[in-house]
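This report concerns only the one structure given below.
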Amino acid sequence: TTTTTTSTTTLTTIPPPATTTLAATTPLIATTAATPAALGDAVLRIDCGATVPYTDTQGNVWAADEYFNTGNANNIGPTDIIGNTTDPVLYQSHRWGAPEDPDMQYSFPVPPGQYSVVLHFCET
């Protein structure tokens, strides 16, 4: 069984950039799903490593993996059991980077401002 966890971080962008860049602390870190949410109603959901969009059990649409600079996508498939979630598909794909790769980053096209960023991870 795989355990899922969620982490929340507040990110403040500083003008003039028109995009916000989130950098992995090491090129070996992989996230399975990231949801940056602007303070307000706008939400951007990305299923890291996914090649097609996914609609979760609550009707939220997660975009296929985009806005990354490097790394490799992988899908563990439906054979691995992922516990503590009603949406195991979100945790079956991920993006990872080899040590020789540049630091993996996601750059989201959002205006300057303050955002809540929720990262979903699963332990395999």
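A quick note: this is a predicted structure, and the numbers were derived from the prediction, not measured.
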Contacts of D56 that satisfy side chain to side chain donor-acceptor pair (under 3.5 Å) - sequence neighbours left out: N60, W62
Spacing of T70 atom OG1 and M104 atom CE [to the nearest 0.5 Å]: 8.0 Å
Gap separating the OH atom of Y106 from the CG atom of L44, nearest 0.5 angstrom: 11.5 Å
Exercise: identify the closest heavy-atom pair between V61 and R45: O-CB, 3.6 Å
Nearest heavy atoms of Y91 and I76, plus distance in Å: O-CD1, 4.0 Å
Donor on one side chain, acceptor on other, D47 and S93, under 3.5 Å: yes
Expected output: side-chain D65 to main-chain C48 donor-acceptor under 3.5 Å: no
Check: N69 side chain, D103 main-chain N or O, donor-acceptor pair, under 3.5 Å: yes
Counterpart residues, side-chain contact (heavy atoms from CB on, under 4.5 Å), relative to [X] (two or more places apart):
X: A73; value: R95
X: N72; value: W96, D101
X: T57; value: T86, D87

I46/F68 under side chain to side chain contact (heavy atoms under 4.5 Å, CB included): CA gap, chis, key distance, verdict: CA-CA 11 Å; I46 307 286; F68 54 87; over 6 Å; no
